[in-house]
Amino acid sequence: IVTVAKSPDSLNANAGVMKIRPDYSEMDVEIFQEKNQRARTILYDHVYVNKGLNFAGNQGETPEVPQVAVLNFMKTDIADGYEYEKGENSLNSGSLGDRLGWGLLKRLDNAGDDVYYDYMTVDFYENWKSMMQTREATVKMPRELQAVSNMRTHQQSIPIWLAIQVRPED
């Protein structure tokens, strides 16, 4: 489960339960939370901040929900963070090729040399086929991408599908 919050103050506020069930009392919300925690096992829980986002043809509206996303875990040296963010955003601010969207997230919950990754990029695709065709192609790496690649180590890439839902704000 990934929750994108507008501010760190809103994390763990459980405002979503009250929107879904406005008739719930504080006790009802507490019981709901206890049942919810017993019903599932959360394997990972991380906190990120959005450092870049681009959806093709989007004029600021909530985009159509893509069916496939690829999570790319990146490790940078702390001294390269600023230039890395600037480089990733520059590379992904124009045409996205076969991708429907792209995002850059910085990990806030854990830092240090022994942490596996400190940034995550997300590539969004219309379907599994378009994602696999993008991975299949071997192309010459442009100089700008080489510069960004030299500032980070691409630790892992994980494709996921049918896993994204955008909840309305109201």
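Nothing here was measured: the structure is a model prediction, and the numbers come from that model.
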- Task: Apply the side-chain contact (heavy atoms from CB on, under 4.5 Å) test between Ser25 and each candidate in Asp23, Asp28, Val29; give the one that qualifies.
- Result: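 Testing each of Asp23, Asp28, Val29 against Ser25, the sole residue satisfying side-chain contact (heavy atoms from CB on, under 4.5 Å) is Asp28.
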Would a single hydrophobic cluster contain both [Y] and [X], if residues Ile, Leu, Val, Met, Phe, Trp and Tyr are joined by side-chain heavy-atom contacts under 4.5 Å?
X	Y	value
Val115	Tyr119	no
Val122	Phe55	yes
Leu91	Val139	no

- Task: Tell me, with the steps shown, if Asp123 and Asn72 meet side-chain contact (heavy atoms from CB on, under 4.5 Å).
- Result: CA-CA 8 Å; Asp123 297 311; Asn72 300 291; 3.0 Å; yes
- Would you call Glu126-Arg99 a salt bridge at under 4.0 Å N-O?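 Looking at Arg99 together with Glu126, the answer is no, because their closest N to O distance does not fall below 4.0 Å.
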Report, as yes or no, whether the 6.0 Å neighbourhood of atom [atom1] on [X] holds more than 12 heavy atoms from other residues, nucleotides or ligands.
X	atom1	result
Ile78	CD1	no
Glu34	CD	yes
Asp109	CG	yes

Measure from the side-chain N and O atoms of [X] to the backbone N and O of [Y], and report whether any donor-acceptor pair falls under 3.5 Å.
X	Y	value
Thr134	Ser130	yes
Lys106	Met120	no
Asp118	Thr76	yes
Asn54	Asn92	yes

Could you grab the distance from atom [atom1] of [X] to atom [atom2] of [Y], nearest 0.5 Å is fine?
X	Y	atom1	atom2	value
Arg38	Gln33	CZ	CD	12.0 Å
Leu100	Tyr125	CG	OH	9.5 Å
Phe32	Arg21	CZ	CZ	8.0 Å
Met131	Gln133	CE	CD	10.5 Å
Lys75	Arg107	NZ	CZ	9.0 Å
Lys51	Glu88	NZ	CD	13.0 Å

- Take Met74 and Gln155, measure what side-chain contact (heavy atoms from CB on, under 4.5 Å) needs, and give me the verdict at the end. CA-CA 6 Å; Met74 310 294 186; Gln155 301 286 61; over 6 Å; no
Heavy-atom pair of closest approach, residues [X] and [Y]:
X	Y	answer
Tyr84	Met151	N-SD, 3.7 Å
Gly52	Asn89	CA-OD1, 3.2 Å
Met141	Ser149	SD-OG, 3.9 Å
Thr121	Leu104	CG2-CD1, 3.8 Å
Ser157	Val70	OG-CG1, 3.1 Å
Gly103	Phe124	N-CE1, 4.4 Å

- Quick one: do Val68 and Ile160 satisfy side-chain contact (heavy atoms from CB on, under 4.5 Å)? Show the steps, please. CA-CA 6 Å; Val68 176; Ile160 59 174; over 6 Å; no
- Phe73/Tyr116 aromatic ring centres below 6.0 Å: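 Judged by ring-centre distance (under 6.0 Å), Phe73 and Tyr116 do not meet the cut-off.
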- Could you check whether the rings of Trp128 and Trp161 sit parallel, tilted or perpendicular, using 30° and 60° as the cut-offs?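 Perpendicular, since the angle between the ring planes exceeds 60°.
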